[in-house]
Amino acid sequence: AMTYTKSAVDTWMDNAGRYPLLCETDTLRLARKAQNPDISERERRRALDRLCLHNLRLVVKTVQNTINKTSLRWQDEIVADLLQQGYLGLRRAAEKFDTTKKIRFSTYATIWINQSVGRFKASQSTMMKVPEKVMFQVWHYQKTGEFKKDCKEPITPAQAAEAGRAMYTWSVDQPVRSEEGCTIGD
């Protein structure tokens with residue numbers, strides 16, 4: 001008989017389903033407790049842990065959306081890394097959540113989770129390390145056709161298409177606009 005060992009992803013999925021979603025009142029209560037300087041560090045950490053555990057589904061959903069929107073395949077190693085990064089984003093959201101603002105924790109946490117997963121994905125997507133701001137400039141340029149750093153005019157759609165084809169093979173010395181002398185590294 002063949003035995004099956006649980007992978008990290010299986011454990012994540014089990015944990016995400018084990019903890020029920022919290023109502024808004026309980027979420028705010030835990031967030032306030034996690035930030036209350038009048039209680040012990042241990043109690044604050046436990047409140048923060050509970051807030052994160054009850055919102056693991058946000059991480060799972062974000063990772064599923066990321067995999068569905070990109071060319072990533074569902075491989076345990078990749079998914080485990082994305083889940084881990086998503087959890088770091090959730091943890092950061094729980095630490096920074098401002099209970100006085102009129103925003104739900106799930107909305108706020110989703111922003112932090114997306115950012116954390118997106119940054120991780122950007123750092124893993126190229127053979128050479130490219131500064132994050134350069135990657136985001138290229139992505140923005142692909143979506144909008146506008147690249148305004150040191151160049152004065154937006155890039156044409158043809159140039160945007162060319163940059164899209166060369167997304168993973170370009171050099172930092174590759175000219176972006178030959179008449180202006182701008183390179184991707186500028």
Side-chain angles (χ1 to χ4, degrees), residues 2-24 26-36 39-99 101 103-140 142-143 167-170:
M2 200 167 143
T3 58
Y4 176 75
T5 55
K6 276 190 160 187
S7 69
V9 175
D10 293 331
T11 304
W12 254 92
M13 298 301 184
D14 290 347
N15 283 337
R18 183 178 301 143
Y19 298 97
L21 296 176
L22 298 174
C23 66
E24 192 170 349
D26 289 342
T27 299
L28 288 173
R29 181 182 52 76
L30 281 174
R32 286 185 189 114
K33 189 174 183 180
Q35 296 171 356
N36 185 351
I39 63 173
S40 72
E41 177 66 28
R42 185 172 188 230
E43 286 181 65
R44 285 198 308 267
R45 204 171 325 118
R46 284 181 58 193
L48 196 64
D49 290 343
R50 282 198 57 217
L51 184 60
C52 290
L53 286 173
H54 286 277
N55 285 283
L56 285 177
R57 294 176 195 199
L58 290 172
V59 175
V60 172
K61 185 66 177 166
T62 302
V63 168
Q64 285 174 337
N65 288 342
T66 299
I67 289 172
N68 291 339
K69 289 179 184 175
T70 62
S71 60
L72 293 174
R73 289 183 308 207
W74 189 271
Q75 296 173 348
D76 278 355
E77 300 82 28
I78 293 170
V79 175
D81 287 344
L82 291 172
L83 288 169
Q84 213 169 28
Q85 290 301 314
Y87 181 77
L88 293 175
L90 175 64
R91 189 75 180 193
R92 186 75 174 140
E95 291 168 355
K96 295 188 70 66
F97 183 61
D98 186 351
T99 57
K101 303 280 189 220
I103 186 170
R104 293 181 57 184
F105 177 72
S106 59
T107 304
Y108 185 74
T110 300
I111 294 166
W112 279 95
I113 294 166
N114 278 326
Q115 182 184 47
S116 183
V117 168
R119 285 185 174 182
F120 176 75
K121 214 176 80 187
S123 73
Q124 301 298 311
S125 66
T126 59
M127 294 286 280
M128 62 180 217
K129 294 295 178 198
V130 177
E132 186 178 309
K133 77 174 189 181
V134 173
M135 289 295 293
F136 284 114
Q137 285 174 343
V138 171
W139 287 336
H140 173 74
Q142 286 177 319
K143 288 181 180 180
M167 179 73 177
Y168 299 107
T169 57
W170 40 263

Kindly compute the distance separating CD (Q84) from CG (L82), expressed to the nearest 0.5 Å.
10.0 Å
With rounding to the nearest 0.5 angstrom, report the CD1 to NZ distance, I67 to K121.
10.0 Å
How many angstroms lie between CG in L22 and CG in L28, if you round to the nearest 0.5 Å?
10.5 Å
Could you state the interatomic distance from CG (D98) to CD (Q35), rounded to the nearest 0.5 Å?
7.0 Å
Of all the heavy-atom pairs spanning T99 and A31, show the shortest one and how long it is.
CG2-CB, 3.6 Å
Criterion side-chain contact (heavy atoms from CB on, under 4.5 Å) on R92 and E95, from CA distance to verdict
CA-CA 5 Å; R92 186 75 174 140; E95 291 168 355; 3.8 Å; yes
Any donor-acceptor pair under 3.5 Å from N36 side chain to R32 backbone
no
Main chain of C52, side chain of R91: is a donor-acceptor contact present, judged purely on distance under 3.5 Å?
no
Any donor and acceptor pair, going by atom type alone, linking the side chain of R57 with main-chain N or O of A16 inside 3.5 Å?
yes
From K33 atom NZ to L51 atom CG, the distance as rounded to the nearest 0.5 Å
12.0 Å
Rounded to the nearest 0.5 Å, how far does NZ of K96 lie from CH2 of W112?
5.5 Å
Fit a plane to each ring of Y19 and H54, take the angle between them on a 0 to 90° scale, and name the class: parallel (under 30°), tilted (30 to 60°) or perpendicular (over 60°).
perpendicular
Is a side-chain N or O of S116 found less than 3.5 angstrom from the main chain of Q85, in a donor-acceptor match?
yes
Do I111 and N114 touch side chain to side chain, with heavy atoms closer than 4.5 Å?
no
Run R46 and E43 through salt bridge (charged side-chain N to carboxylate O under 4.0 Å, His left out) and show every step you take.
CA-CA 5 Å; R46 284 181 58 193; E43 286 181 65; over 6 Å; no
Looking only at heavy atoms, which two atoms of V59 and Y87 are closest? And how far apart?
CG1-N, 3.9 Å
So which of L90, L88, V60, N55 actually passes side-chain contact (heavy atoms from CB on, under 4.5 Å) with I113?
L90
